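Values below: every heavy atom of this structure, side chains too, minus hydrogens, waters and symmetry copies. The sequence lines fix the lettering, A, B, ..., with proteins before strands; numbering per chain opens at 1. What you are looking at is a predicted structure, and each value in this text was computed from that prediction instead of being measured.
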Protein chains: 2
Amino acid sequence: MADDTDTDELGIPVLAKPLSASGRKRASITEAAIAEFVQRGYTGASVDSIATRAGVSKPTIYSHFGNKQRLFLAVIGGYLRDSYTDLGPRADGIADAPDLRTALVDFLGAWVEVVLREDIMTLRRLVIGEVERFPQLGEVWARINIVHDDALVRAFTALDQRGTLQVPDPRAAVRQLIAMTIGAAQLIRTFRPAYRFDDGELDALVTSGVDVFLSAYAGFVVPAAVVSRRRRAG
Amino acid sequence: MADDTDTDELGIPVLAKPLSASGRKRASITEAAIAEFVQRGYTGASVDSIATRAGVSKPTIYSHFGNKQRLFLAVIGGYLRDSYTDLGPRADGIADAPDLRTALVDFLGAWVEVVLREDIMTLRRLVIGEVERFPQLGEVWARINIVHDDALVRAFTALDQRGTLQVPDPRAAVRQLIAMTIGAAQLIRTFRPAYRFDDGELDALVTSGVDVFLSAYAGFVVPAAVVSRRRRAG
DNA sequence: GTCTATATAAAGATAGAC
DNA sequence: GTCTATCTTTATATAGAC
């Protein structure tokens with residue numbers, strides 16, 4: 001058993017830093033398990049195969065992690081946490097950027113490139129597919145999203161106080177902005193892993209999302225979004 | 001083998017209408033297989049268990065569907081197609097509704113209630129989790145979404161021609177509206193199956209999404225979204 | 001077409017030696 | 001702590017009788 005390992009508040013075992021020979025084996029098991037689980041899913045993955053990949057015997061895995069479920073939670077939960085903790089660009093400069101529209105487009109454009117990475121998308125599909133069996137992983141994901149959103153929430157709160165934006169509910173506004181840009185792109189690739197965005201397609205998607213957002217919350221219509229509209233209306 | 005069954009353009013076997021005794025068995029296998037796959041996933045489901053649920057023997061299943069993969073594709077693909085073909089409210093009245101905002105809120109509110117149903121969400125998670133193994137299912141899903149979006153696309157195109165809305169790219173606009181409302185709600189429940197929306201929470205989410213949409217594409221700010229904003233700006 | 005019975009392989013997990 | 005060897009169960013798939 002491995003009941004002596006600590007777990008965080010979501011039940012994800014927190015692994016100690018590997019140092020000893022035993023620690024190195026544990027690390028190699030972790031690495032092998034991530035690869036196997038990501039590739040074949042929870043049920044499809046076999047402990048045998050993980051042992052072979054890691055270059056250890058099966059009982060070694062069981063002595064470290066107890067059983068397959070604990071192994072999955074520990075390695076995938078930890079992988080999630082570590083991957084996303086410092087993932088994506090920082091939003092710190094946005095509140096003070098000279099051109100808000102450009103700053104948002106750049107920020108969201110960089111972010112969407114990260115979340116559309118194959119490895120990230122595959123991990124995402126794995127977690128979604130297993131979330132009814134392992135609800136803790138969904139909670140980890142939700143928490144990570146909140147943390148990531150916070151940067152934009154702070155920026156919009158500041159901009160609201162300065163009067164640059166009028167955002168009564170910053171968190172809701174952030175959710176809307178992200179849904180229109182990142183969420184829309186992610187949704188396509190969630191169901192169509194092979195889909196490739198054309199040159200400029202992602203850009204247009206992000207830009208028009210930002211424009212809709214600004215036209216609602218900045219109280220003005222941004223040029224590019226509404227050329228045809230100005231013409232028509234005028 | 002079951003190589004004599006027809007398949008549609010996505011490779012999903014099209015099942016003939018069940019009539020004979022053999023047809024009834026086939027139908028009961030289909031029903032049992034859907035339940036088993038939805039409950040345990042593709043790899044976790046066992047043909048043994050499906051046979052028991054259906055009250056038939058294992059060879060009967062293999063004689064009808066060939067192997068487990070074909071069985072999965074046939075029943076889940078068919079279930080997807082049938083479930084979603086006439087799912088959700090009709091958007092036909094929207095272009096001619098006296099109050100566009102109310103019509104959109106009602107329409108999207110009804111729609112989001114359907115897509116958040118447990119059985120629909122579970123099916124969605126299953127498809128996402130298996131989409132790398134069965135890309136056809138993702139294509140089916142994408143096609144269904146396009147069909148569903150079309151109703152709104154037509155409505156916005158008509159409203160654009162009449163000048164009620166200014167929507168240069170109706171399909172992109174529909175995607176944005178749906179992302180902010182349905183997509184945002186769906187995303188939460190995708191990772192948190194146990195999450196329950198408060199009374200009014202879904203309503204607020206949908207309404208504020210519609211308001212952002214209208215403020216961008218109708219060229220005016222709708223009352224409820226911006227009370228605090230009018231005050232500030234005035 | 002459908003069954004019983006079975007072939008064959010692989011899974012999760014552990015006993016016991018070192 | 002880690003290994004070899006093994007237990008037990010369950011999986012997909014099929015042969016052959018009716």
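Sorted by first and then second residue, the salt bridge (Lys or Arg N to Asp or Glu O under 4.0 Å) pairs with a member in residues 168-179 of chain B read Asp150(B)-Arg171(B); sequence neighbours excluded. Residue pairs meeting the salt bridge (Lys or Arg N to Asp or Glu O under 4.0 Å) criterion with at least one member in residues 37-46 of chain A, sequence neighbours excluded: Glu36(A)-Arg40(A).
Between the CD1 atom of Ile29(B) and the P atom of dG1(C) there is a distance of 12 Å, given to the nearest Å. Separating the CD atom of Gln69(A) from the P atom of dA11(C) is a distance of 17 Å, rounded to the nearest angstrom.
Judged as a side-chain contact (heavy atoms from CB on, under 4.5 Å), and not counting sequence neighbours, the contacts of Pro193(A) are Arg125(A), Val131(B), Glu132(B). Listed by chain and number, the residues in a side-chain contact (heavy atoms from CB on, under 4.5 Å) with Ala33(A) are Phe37(A), Ile50(A), Leu71(A), Val75(A) (sequence neighbours excluded). With sequence neighbours left out, Arg192(B) forms a side-chain hydrogen bond (donor to acceptor under 3.5 Å, both in side chains) with Glu139(A). Scored by the side-chain hydrogen bond (donor to acceptor under 3.5 Å, both in side chains) test, Gln69(B) finds no partners at all (sequence neighbours excluded). Take Phe191(A) and apply the ring-ring contact (aromatic ring centres under 6.0 Å, His included) test, not counting sequence neighbours, and it matches Trp141(B).
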Using a cut-off of 4.0 Å between protein heavy atoms and nucleotide atoms, how would you tag nucleotides 6-12 of chain D 5' to 3' with B, S and -?
-> -----SB
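Contact check on Arg189(B) versus Glu113(B) returns no salt bridge, with no Lys/Arg side-chain nitrogen under 4.0 Å from an Asp/Glu carboxylate oxygen.
Phosphate proximity of dT2(C) to Thr60(B): absent, as no side-chain N or O sits under 4.0 Å from OP1 or OP2.
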Can you pull every protein N or O that's under 3.5 Å from an N or O on nucleotides 15-18 of chain C?
none

